[in-house]
Engineer: 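Below: one structure in structure tokens.
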Amino acid sequence: MAPSSTSSTDGGSTPARTHDPDGASVRLPGKPPRPGTHPVDELLPPVKLFSTGLQHVAAMYAGVVAPPLIVGAGVGLSPAELALLISASLFTAGLATLLQTLGIWRIGARLPFVNGVSFAGVAPMIAIAKGSIEKTGGPKDALPVIFGAVIVAGLLCFLAAPYFCKLIRFFPPVVQGTVITLIGVSLLPVAVNWARGGSPGAPGYGSMRAVGLAAITLVAVVLCNRLLRGFWQQLSLLVGLALGTLIAFPLGLADFGAVQDAKVFALPSPFHFGAPVFDAAAIVSMCIVMVVSMTESTADMLALGKIVDREADEPTLAAGLRADGLATALSPVFNGFAASAFAQNIGLVALTRIRSRFVVAAGGGMLVLLGLFPVLGSLVSLVPQPVLGGAGIVLFGTVAASGVRTLAEAGMESGSHTILVSVSLGVGIVPIAVPTFYDSFPEAVRTLLHSGISAGCVMAVLLNLLFHHVGAARRSGPGQASGTTVPTAPTAPTAPTAPTAPTAPTAKPS
């Protein structure tokens, strides 16, 4: 969780006073924010805005380009068409992030909240593509079916947002802490895979060079965070990424091939692959995916609200989900896919303590430019996967640490809390430890259970209902489990005395 926001520096990005590892108070340089302005709403100077926004782009870039790469390869696109799909994903992710951070009317959480292509939809979209290819025999006919289903799913999310956000009352601190911890734990295997090289087919995948490069990047980020001060400490991730990339070139783990083949400028072509096709089975599949994405986005907004010291209440959640839905519905127009929260950037906010939403908005603007200028996107793609893996361990671990901190504040003295956390974490880790565990389940169930975040979140909410809302537990008061000792009615303390004659009746224990 971010430090107190009573006084901050760097345009509200960090507190005026923080503490070093030895506990000593340290004054950070910078100008204090305007009185009454929350750090989330502070506008940083242009140089800091650009550099810190670039960190967010670097942290999320691989996650944005991976889904279109997988889906594009699955439908048999040519390299040129694949490049167009990647540019479209960057462009639409930028628009979604701008909508989420800056907001329009009651749309957008107005938090430092990054949106990008939802990975939860990759497997269902490939299944939709295979089914469409079997019917039509043409690989390119599959994308309009996918886009039609994504549009309807986005509209569903937009319309359901004000109702779905009411679930916040089922997210007390113990549930929030469990879900935040699961977000970090679920992302750590992604970082480990990046550290090995990204994919088994990549050159040098799993080699000592790849793992060593990830370790060097990890050490660089940690040392920069420990040794640097002020604004440069906040750029520790960017410094580590730059150092790791420079070391990667002589090791043969990075090259300029992608830059040489990239176009300088390319305008998005609406419905480049054809008008959307609305198939009932595909729509049902993507609507299920959207419900899963809404669950994850809700959990991510609650986590981010804790970190930036601005509670994600019902109106905020509704506005954030509306932004998800509207961005998802509009993305297929520009050949993009469903938009959802990027949890890795929540870790970056926690790591850097930069809480300004305008920093993330700057990152969203950069994503739009990367989509319009593919050559710029290729420059960002120079960062090798092992380098991202080393930095990702820090980012995702920071998210998990924020969850543990929230659990500590929620208190684990109650037996029901212990059961809730242990079972929910266990259920959430199942698909992380054994990805094929639910392969024999029906497809609709697999979509939910294959996401450790969604599975653990649903389990935490259900257990919270069981212990704190159902039957006798309701009489225990909020936050107490059924079967625990109920406090007696408070009375004024009295000194112990010898037994005396009976007096007027006192309040009985409740």
Side-chain angles (χ1 to χ4, degrees), residues 58-74 79 82 86 116-117 119-120 122-123 126 182-224 237-259 261 342-344 347-348 351 377-400 428-439 450-453:
M60 73 176 295
Y61 184 86
V64 174
V65 302
L69 273 173
I70 298 170
V71 175
L82 202 56
I86 292 172
V117 183
F119 218 98
V122 170
I126 291 177
L182 261 178
I183 292 171
V185 172
S186 297
L187 290 170
L188 281 171
V190 177
V192 172
N193 190 52
W194 286 348
R196 300 188 68 196
S199 62
Y205 179 79
S207 65
M208 282 294 296
R209 287 185 303 165
V211 176
L213 182 60
I216 290 172
T217 305
L218 172 61
V219 171
V221 172
V222 172
L223 290 179
C224 288
L237 181 83
L238 196 60
V239 174
L241 291 173
L243 179 62
T245 302
L246 290 174
I247 296 174
F249 282 101
L251 294 177
L253 293 175
D255 62 70
F256 283 97
V259 179
D261 299 334
F342 266 48
Q344 53 260 53
L348 184 56
L351 177 68
S378 64
L379 285 174
V380 178
S381 68
L382 286 175
V383 180
Q385 295 281 341
V387 174
L388 288 174
I393 290 175
V394 181
L395 289 180
F396 306 156
T398 303
V399 177
I429 290 174
V430 166
I432 303 171
V434 186
T436 59
F437 189 86
Y438 297 111
D439 280 1
H450 272 318
S451 167
I453 299 172

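Values in this document were obtained by computation on a predicted structure and should not be read as measured data.
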Engineer: Give me the atom names and distance for the closest heavy-atom approach of Ala391 to Leu241.
Structural biologist: CB-CD2, 3.9 Å

Engineer: Looking at every heavy atom in both Val185 and Ala400, which two are closest together, and how far apart are they?
Structural biologist: N-CB, 4.3 Å

Engineer: Got a second to check how far Thr245's OG1 is from Leu213's CG, nearest 0.5 Å?
Structural biologist: 8.0 Å

Engineer: Short question: side chain of Arg209, backbone of Gly204 - any donor-acceptor pair under 3.5 Å?
Structural biologist: no

Engineer: Rounded at 0.5 Å granularity, tell me how far CD1 in Ile86 sits from OH in Tyr61.
Structural biologist: 6.5 Å

Engineer: When rounded to the nearest 0.5 angstrom, what distance separates CG in Asn193 from CG in Leu188?
Structural biologist: 12.5 Å

Engineer: Testing the basics here: between Ala191 and Gly392, what is the closest heavy-atom pair and its distance to 0.1 Å?
Structural biologist: CB-C, 3.7 Å

Engineer: Kindly give the heavy-atom pair with the smallest separation between Leu348 and Ala59, and that separation in Å.
Structural biologist: CD2-CB, 4.3 Å

Engineer: Distance check, rounded to the nearest 0.5 Å: Ile432 atom CD1 versus Phe437 atom CZ?
Structural biologist: 13.5 Å

Engineer: Check Pro431 against Gly428 and note the closest heavy-atom contact, atom names and distance.
Structural biologist: CD-O, 3.4 Å

Engineer: In Å, rounded to the nearest 0.5 Å, how long is the span from CG of Leu253 to CD of Gln385?
Structural biologist: 11.5 Å

Engineer: Would the distance check show the side chain of Ser207 and the main-chain N or O of Ala210 forming a donor-acceptor pair, the cut-off being under 3.5 Å?
Structural biologist: yes

Engineer: How long is the straight-line distance from CG of Leu237 back to CG of Leu388, given to the nearest 0.5 Å?
Structural biologist: 9.0 Å

Engineer: For Val430 and Tyr438, which heavy atoms make the closest approach, and how far apart are they?
Structural biologist: CG1-OH, 3.8 Å

